[in-house]
Amino acid sequence: MPRTVVTGGAGFLGSHLCEQLLERGHEVIALDNLSTGSTDNIDHITDPKFSFIKKDVTDYLYVRGPVDYILHFASPASPIDYLERPIPTLKVGSLGTHKVLGLALEKKARVLLASTSEVYGDPLVHPQTEEYWGNVNPIGPRGVYDEAKRFAEAITMAYNRFHGVETRIVRIFNTYGPRMRLNDGRVVPNFIKQALLGEPLTVYGDGSQTRSFCYVDDLVDGILKLLMSDLDQPCNIGNPAEMTIKQFAEAIIKFSNTTSKIVYEPLPVDDPKQRKPDITRARQRLNWEPKVKLEDGIAKTMAYFKTKV
Ligand code: UDP
């Protein structure tokens, strides 16, 4: 039975990954410092192959016994969260990734790093291919996340080349689904919460900036395919169905049958103007592509948020 460590295992993506790994027969050890994650996301897991340890992976990291895989998902991930926690965000991406790679070296485990479309910054190449090096403002407010993840990719490749550690890097594009925090500030929980409460949907800027939204089940499927593949170069996983934020607000209004209107608020600093993954590599190397339609994914997410508002 493979033994797998998931850092950030009590978070939105981490908890879904833990469940899928258990389903596939892994023993799973979830680590989380619960700064943005919550045991609410894992309390329902009764599988005896699952354990949880409250742990900040920025500190010394040791796990008893053999480890076959490590999925490094610990990090604040919403712009509001990393703006409120700039130094922990930088530390978990840098020091935390170093600790994870050290554990992998010691245990001869394969590591999968959760990287992000934010490594492309405000992209000048569209859609974004893995070959694009990005356009990041290192000293802007989002730089704490973007640069931490860029450093994390660099040290991951260094451990791969210098120490021969088996590594995988997923660049995750905007993802949504149950277990996102209602108040994490991202556009999906904000709009759904506002629609459910009949409040105006807050579109930042003129709403012409674009994003491409992937449902969590599709994302997890792609990540686990990448983990089991032999691809050690970064791989975009996301849904290429691009839309403007204004169109997204209109879609949420339609799907939820709400009377809410749209209001416009200032655009955050360095907010990327466009974002859409080129998923050719994932299609060719992993035989993966997203399947869940926006309407269906939003319906499931809305059902979850109805229990939370
Ligand atoms: N956004 C918005 N209204 C909100 C929250 C976000 O218009 O209430 C916009 C935000 O400015 C960005 C997009 O939605 O252009 C996606 O924002 P999010 O915070 O979800 O993630 P990002 O893709 O920027 O990391």
Side-chain angles (χ1 to χ4, degrees), residues 11-13 36 73 75-86 89 93 114-123 126-128 134-137 140-150 170-216 219 236-253 256 258 260-277 294 297-298 301-302 305 309:
F12 163 47
L13 296 181
T36 57
F73 277 70
S75 177
S78 97
I80 298 267
D81 286 341
Y82 51 74
L83 295 184
E84 281 173 1
R85 300 167 178 81
T89 301
S115 185
T116 167
S117 56
E118 286 281 328
V119 300
Y120 302 122
D122 190 3
H126 194 74
Q128 291 78 55
N135 177 39
V136 171
N137 174 5
R142 297 175 87 105
V144 299
Y145 184 63
D146 303 9
E147 295 296 3
K149 290 292 189 183
R150 289 169 67 96
V170 57
R171 291 187 180 150
I172 299 171
F173 283 66
N174 292 69
T175 301
Y176 68 97
R179 301 197 201 134
M180 291 186 98
R181 281 189 355 263
L182 196 60
N183 295 321
D184 87 357
R186 283 189 273 199
V187 69
V188 174
N190 273 11
F191 283 1
I192 293 185
K193 180 181 61 185
Q194 290 158 349
L196 290 175
L197 296 174
E199 292 170 355
L201 273 64
T202 51
V203 168
Y204 299 161
D206 62 4
S208 63
Q209 70 273 31
T210 69
R211 294 294 186 272
S212 314
F213 296 98
C214 186
Y215 187 63
V216 62
L219 187 94
N236 291 338
I237 299 283
N239 192 321
E242 182 186 14
M243 60 177 70
T244 67
I245 292 301
K246 183 160 180 277
Q247 286 169 335
F248 184 59
E250 287 161 353
I252 297 289
I253 288 173
S256 61
T258 180
S260 297
K261 301 275 178 276
I262 291 175
V263 292
Y264 292 90
E265 293 190 355
L267 193 66
V269 178
D270 293 337
D271 197 284
K273 283 182 270 311
Q274 50 182 359
R275 184 181 288 157
K276 168 183 171 162
L294 185 69
I298 291 294
T301 311
M302 238 177 233
F305 280 130
V309 290

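Every value quoted in this text rests on a predicted model; they were computed, and no experiment measured them. Order of listing sets the numbers, starting from 1, for every ligand and every atom in it. Residue numbers count from 1 along this sequence.
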Assess [X] for proximity to ligand 1: is some non-hydrogen atom of it under 4.0 Å away?
X    : answer
F248 : no
R142 : yes
E118 : yes

Nearest heavy-atom pair of [X] and [Y]: which atoms, and what distance?
X    : Y    : result
M302 : I192 : CG-CG2, 3.6 Å
I253 : K261 : CD1-C, 4.5 Å
S75  : T89  : OG-CG2, 4.4 Å
Q274 : T210 : CA-OG1, 3.1 Å

Exercise. So does K193 have more than 12 non-hydrogen atoms from other groups sitting under 6.0 Å from NZ?
Worked result: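 Result for NZ/K193: enclosed.
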Return the [atom1] to [atom2] distance between [X] and [Y], rounded to the nearest 0.5 Å.
X    : Y    : atom1 : atom2 : value
Q194 : T202 : CD    : OG1   : 3.5 Å
T36  : D81  : OG1   : CG    : 5.5 Å
Q209 : I245 : CD    : CD1   : 5.5 Å

Show which atoms of ligand 1 fall inside a sub-4.0 Å distance from at least one heavy-atom site of [X].
X    : result
G185 : 5 (C)
V203 : 7 (O)
N190 : 4 (C), 5 (C), 8 (O)
T202 : 2 (C), 3 (N), 4 (C), 7 (O), 8 (O)
P79  : 19 (O), 25 (O)
R275 : 22 (P), 23 (O), 25 (O)
Q209 : 9 (C), 11 (O), 15 (O)
R186 : 19 (O), 20 (O)

Considering only non-hydrogen protein atoms, determine which one is nearest to [atom] and report residue, atom name and distance to 0.1 Å.
atom                    : value
atom 7 (O) of ligand 1  : Y204 N, 2.7 Å
atom 13 (C) of ligand 1 : I245 CD1, 3.6 Å
atom 15 (O) of ligand 1 : D271 OD1, 2.6 Å

For this session: Compute the shortest N/O to N/O distance between R211 and ligand 1 and return yes if it is under 3.5 Å, no if not.
Result: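 Checking ligand 1 against R211, an N or O pair does fall under 3.5 Å apart.
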Exercise. Would one find an N or O of N174, backbone or side chain, under 3.5 Å from an N or O of ligand 1?
Worked result: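 Among all N and O atoms of N174, at least one is under 3.5 Å from an N or O of ligand 1.
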Problem set entry | Identity of the nearest option to atom 18 (P) of ligand 1, non-hydrogen atoms only, from D146, V187, D81 |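 Nearest option to atom 18 (P) of ligand 1, by heavy atoms: V187.
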Exercise. Salt bridge check: are R142 and E118 linked by an N-O gap of less than 4.0 Å?
Worked result: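 So R142 pairs with E118 through a salt bridge.
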Exercise. Pick from F213, Y176, Y204: which one makes a ring pair (Phe, Tyr, Trp, His ring centres under 6.0 Å) with F248?
Worked result: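 Running ring pair (Phe, Tyr, Trp, His ring centres under 6.0 Å) over F213, Y176, Y204 with F248 returns exactly one hit, F213.
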For this session: With the side chain counted from C-beta on, respond yes when L13 and I172 share a heavy-atom pair under 4.5 Å apart, and no when they do not.
Result: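 Yes; the side chains approach each other to less than 4.5 Å.
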For this session: Tell me which part of S78 gets within contact of ligand 1: side chain, backbone, both or neither, using heavy atoms under 4.0 Å.
Result: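 Neither part.
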